[in-house]
Number of protein chains: 2
Amino acid sequence: MKNGKVTMSDVAKRAGVDISTVSRVLNSSFEKHKYSDKTVAKVRKAVDKLGYHPSLVARSLRTGKTMLLGMVMSDIGNPFFSEMAFHLDGIMGEYGYRLIVCNTNEDPERQEEHIVGMLAHGVDGLIVSPSGKRGLDRIENSDVPLVVIDRPLSNGFSFVGLDNVLAGKMVAQKLKAHNYRRIGVVMPDSKEDLTLQERLDGLKTGLKDEGCILSWKVCIPPTAVAGEESHRAIVNKLKKELDYPDAIVGITNVCTLNIISSLEELDLVWGESLGVVGIDDFTAASIVRPSITVVGQPIKRIAEESFALLLKQIKEDKKKLKKETVLVEPVWHCRKSLPVR
Amino acid sequence: MKNGKVTMSDVAKRAGVDISTVSRVLNSSFEKHKYSDKTVAKVRKAVDKLGYHPSLVARSLRTGKTMLLGMVMSDIGNPFFSEMAFHLDGIMGEYGYRLIVCNTNEDPERQEEHIVGMLAHGVDGLIVSPSGKRGLDRIENSDVPLVVIDRPLSNGFSFVGLDNVLAGKMVAQKLKAHNYRRIGVVMPDSKEDLTLQERLDGLKTGLKDEGCILSWKVCIPPTAVAGEESHRAIVNKLKKELDYPDAIVGITNVCTLNIISSLEELDLVWGESLGVVGIDDFTAASIVRPSITVVGQPIKRIAEESFALLLKQIKEDKKKLKKETVLVEPVWHCRKSLPVR
DNA sequence: AACAAACATACAATCGTTTGTTTAAGAAGC
DNA sequence: GCTTCTTAAACAAACGATTGTATGTTTGTT
């Protein structure tokens, strides 16, 4: 009561009842314990008068549930993740959960630290977009539910993410439909990230099915941001080619970004002399002129599915539930860079 | 021990010492209590063997500190806020604090709900970018430290944000320095937001001091996104003017965005036929061609100052500390839209 | 050898809830 | 009128840590 904090026993005292009575009235747990209307009223009044709010810390200690869900993300600055956080916050709020976030900045060590920290804080579940495997085992050993997003891990954690093979295929189909035949592709040079391979595989088989030709492929450094070196590689490739392809595909948003800055340098206007299409959306895509057509991730759905998986694990309690993988369908953002020819 | 959770008393049991011994060894609180090396070693070993991590929930209950800091933001999708979260997460992490975020989506009701929720969760401090005043009084009544960011509130909360008058002045000075004389300005039509008035005032006095002329002013609807109506207003204004101004100033990023889409429609190339400069940075500014010169907010500094203020309040405990206002200096992002003429 | 001072550790209360188990009345049955 | 149910409310034990105080051992001093 002093120090600004009103506790349950203050309420009990003022209402002239026992603290357990207050608790049960407030939680409406009347199954085994009925209370007279008079008592209930007394309690309610005392609560209002004192402006009582239960301490979630104490409740958590007693119940073992904190109603906190943790999100460990690899790059909080990336719009994909902030949008993800936006949707998650909205959805889980309806269920009374609150979101704790942290940012690993792609650093596996920080990832582990953060995971340990979140577990110590007693989160009821974790959503992780992993930068490597470090720390994930900690979650597995605890029995805190976990859903991995964005990048699948070879270990069998529950996962929600894009159907990358399908994304590649969709690009191939769209290219064909819009009458592009000779296709160039730019992709990051990373063996580890199977996501990329899947996209490429989908694209390749798709192109073959559609009777298109993969004219060339350029690999660029697997950095998170567009860079001079990548840029150079693409320009060189284009200069060396005798004739340009009909269209260029960016396997990731960074690739696509590099493509457009290269074309700018060569004074080629995408959407006119040649088409450009990317996998994964990015802010600039709708801003540059002409705007860039991409297949993107349905972020809201990913958020919904992740939360649903998490909630199921929380409710069914044990992680005896077998791990589930949810692949979501990519969505087209049709803009100006891939007109019908 | 069962149920996967290892508690302090498990450690004590295994080490054959009292639980208080474990606590003090782990917290290195040796001022009043010295322990033999042997005991310390025993404890450490037991901790390692069992993989013990203290329950922050229990600790919070006992100590009254959760080591959680809450950030209530008006729009998590806005890069300003996600960058803010990024820096905050980084800084406070070094001090052992963890970040809880929530998103009000500019809805005062959700703001109040979230504030109540965060207080119930026992956060040690709050950083709020307010959408109205609702709920702020709750914080004031509790004795949880509060720092308001982004938009100052007439109530005297501690505040960190941009020096808007200075921002206006800086724009005026730059315009003069680059030889622009006749200036048009676009600003949102909102009486409430004093931020905007300050910017305009700074600009006006600055222009006067520099001997420039405020040629015209257009007010657009105060929406959060660029829109058709705003766009139209600007186009009309420009068409009606007999001769164009030397440069146009966007008072907010949304204004600037509207300016460039209007100019696009009129087939005017900014940075050539006329200059464009904005207050507040935005993603597109560096992406459109020519890129847009703006004075922006030093987000990292805002994060640092907010945390510093919060920490000071937390340490000096009482909110008896008088409220402080920190105005940070805007920073130039000089790009291509305002070349020297 | 006696006595205090310093050291090493244990005991026990507490933080604010939830929740299983009593207790104290009234009401009902005979 | 006495036992037996209900019903309404109180009692008390957790949850897992921190921390003030008490206790039992050494060590040092004379």
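In the text below, chain A, chain B and the rest are named by the order of the sequence lines, each starting its count at 1.
The outermost nucleotides of DNA chain C lying under 4.0 Å from heavy atoms of chain B, listed 5' to 3', are dA8(C) to dG16(C).
A rotation axis mapping the C1' atoms of four pairs onto the next four is fitted at both ends of the helix from dA1(C)-dT30(D) to dC30(C)-dG1(D) over five pairs, and the angle between these axes is 60° to 10 degrees.
Asp75(B) places a side-chain N or O within 3.5 Å of a backbone atom of Gly77(B) that can act as its donor or acceptor partner. No side-chain donor-acceptor contact under 3.5 Å links Glu112(B) to the backbone of Arg134(B). Judged by distance alone, with hydrogens and angles left aside, the side-chain atoms of Ser60(A) form a donor-acceptor pair with the main-chain N or O of Leu56(A) at under 3.5 Å.
Here the P atom of nucleotide dA22(D) and the NE2 atom of His33(B) are 12 Å apart, to the nearest Å. One interatomic measurement links the two molecules: NE2 of His121(A) to C1' of dG16(D), which rounds to 15 Å at whole-angstrom precision. Rounding to whole angstrom units, NZ of residue Lys5(B) and C1' of dC15(D) are separated by 13 Å.
For the pair Leu69(A) and Val123(A), the minimum side-chain heavy-atom distance is 4.5 Å or more. In this structure, the side chains of Ser306(A) and Met84(A) come closer than 4.5 Å at one or more pairs of heavy atoms. Side-chain atoms of Glu304(A) and Arg301(A), non-hydrogen and from C-beta on, do get closer than 4.5 Å to each other.
Salt bridge annotation for Asp18(B)-Lys13(B): absent, with no cationic side-chain nitrogen under 4.0 angstrom from a carboxylate oxygen. By the 4.0 Å N-to-carboxylate-O rule, Asp124(A) lies too far from Arg98(A) to be salt-bridged with it. Between Glu106(A) and Arg151(A) there is a salt bridge, since a side-chain N of the basic residue sits under 4.0 Å from a carboxylate O of the acidic one.
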>> Let's go through Lys312(B) and Glu324(B) carefully: what are the C-alpha distance in whole Å and the side-chain angles of both, what is the deciding distance for salt bridge (Lys or Arg N to Asp or Glu O under 4.0 Å) to 0.1 Å, and is it a yes or a no?
In response: CA-CA 11 Å; Lys312(B) 202 198 291 185; Glu324(B) 287 183 61; 2.7 Å; yes
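The side chain of Tyr52(B) contributes an N or O atom lying less than 4.0 Å from OP1 or OP2 of dA17(D).
Evaluation of the ring pair (Phe, Tyr, Trp, His ring centres under 6.0 Å) test over residues 55-95 of chain A, restricted to residues two or more places apart or in two chains, returns Tyr95(A)-Phe307(A).
Across Val144(A) and Ile139(A), no two heavy atoms sit closer than the pair O-CG2, 3.5 Å. The two residues Val57(A) and Leu61(B) make their nearest non-hydrogen contact at CG1-N, 3.5 Å.
Both Arg24(A) and Ser9(A) lie near DNA chain C, and the one whose nearest nucleotide falls closer to the 5' end is Ser9(A).
Within residues 37-49 of chain A, no residue has any heavy atom under 4.0 Å from DNA chain C. Residues from residues 13-23 of chain A lying near DNA chain D, meaning a heavy-atom separation below 4.0 Å, are Gly16(A), Val17(A), Asp18(A), Ser20(A), Thr21(A) in numerical order. Contacts between residues 54-62 of chain A and DNA chain C, counted as heavy-atom distances below 4.0 Å, involve Pro54(A), Ser55(A), Ala58(A), Arg59(A), Arg62(A).
Side-chain atoms of Ser20(B) and Ser23(B) include no donor-acceptor pair closer than 3.5 Å.
Counting non-hydrogen atoms of other residues, nucleotides and ligands closer than 6.0 Å to CG of Asp37(A) gives a total of 12 or fewer.
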